[in-house]
Amino acid sequence: MEIQHLEERVCDLEMKLSFQDDTIEQLNNAIIEQQKTLEDQKVQLTFLISRIKTMQVGSGLASEADETPPPHY
């Protein structure tokens with residue numbers, strides 16, 4: 001009876017290990033996907049920052065401090 005009990009324990013441990021391996025793989029895939037998303041967002045943010053800087057420099061508009069108030073003030 002002792003050998004059967006040990007076989008059951010080994011089987012249980014193998015199932016737990018298999019479950020843990022699957023969980024680790026799922027978590028790793030989620031981290032990879034999040035890293036890709038972060039990299040894409042970084043590229044988009046860099047593009048937006050450069051676009052905003054270009055709009056501010058090349059807009060030809062005066063700053064609010066340099067503008068004269070409208071006639072109704």
Side-chain angles (χ1 to χ4, degrees):
M1 203 61 180
E2 183 68 29
I3 293 178
Q4 186 178 4
H5 178 69
L6 289 175
E7 286 177 352
E8 288 175 4
R9 288 185 64 192
V10 169
C11 185
D12 287 343
L13 289 172
E14 287 175 341
M15 285 192 298
K16 287 179 181 181
L17 178 62
S18 176
F19 178 75
Q20 287 178 347
D21 285 344
D22 184 53
T23 302
I24 290 170
E25 185 176 342
Q26 289 177 9
L27 291 170
N28 188 49
N29 288 337
I31 289 171
I32 290 170
E33 201 61 38
Q34 286 180 344
Q35 185 65 34
K36 288 178 185 177
T37 301
L38 284 173
E39 289 172 5
D40 290 345
Q41 289 176 344
K42 183 178 178 181
V43 169
Q44 291 173 353
L45 185 59
T46 302
F47 172 76
L48 288 173
I49 289 170
S50 67
R51 184 79 188 254
I52 289 171
K53 286 180 180 178
T54 302
M55 289 173 55
Q56 288 175 345
V57 170
S59 68
L61 296 176
S63 68
E64 284 187 38
D66 293 338
E67 288 288 326
T68 56
H72 62 278
Y73 277 108

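Note that this is a predicted model, so its numbers are computed, not measured. Atom set for the values below is all heavy atoms of this structure, side chains included, hydrogens, waters and symmetry mates excluded.
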| Any side-chain hydrogen bond (donor to acceptor under 3.5 Å, both in side chains) pairs touching residues 36-49, not counting sequence neighbours? | Q35-E39
| said: Does anything in residues 2-19 form a side-chain hydrogen bond (donor to acceptor under 3.5 Å, both in side chains)? List the pairs, not counting sequence neighbours. | reply: none
| D22: what forms a side-chain hydrogen bond (donor to acceptor under 3.5 Å, both in side chains) with it, not counting sequence neighbours? | Q26
| said: If I take atom OG from residue S50 and atom CG from residue L45, how far apart are they, to the nearest 0.5 angstrom? | reply: 9.5 Å
| Inter-residue atom distance I31.CD1 - L38.CG, 0.5 Å rounding | 11.5 Å
| query | Counting only heavy atoms not in I3, do more than 12 fall under 6.0 Å of its CD1? | reply | no
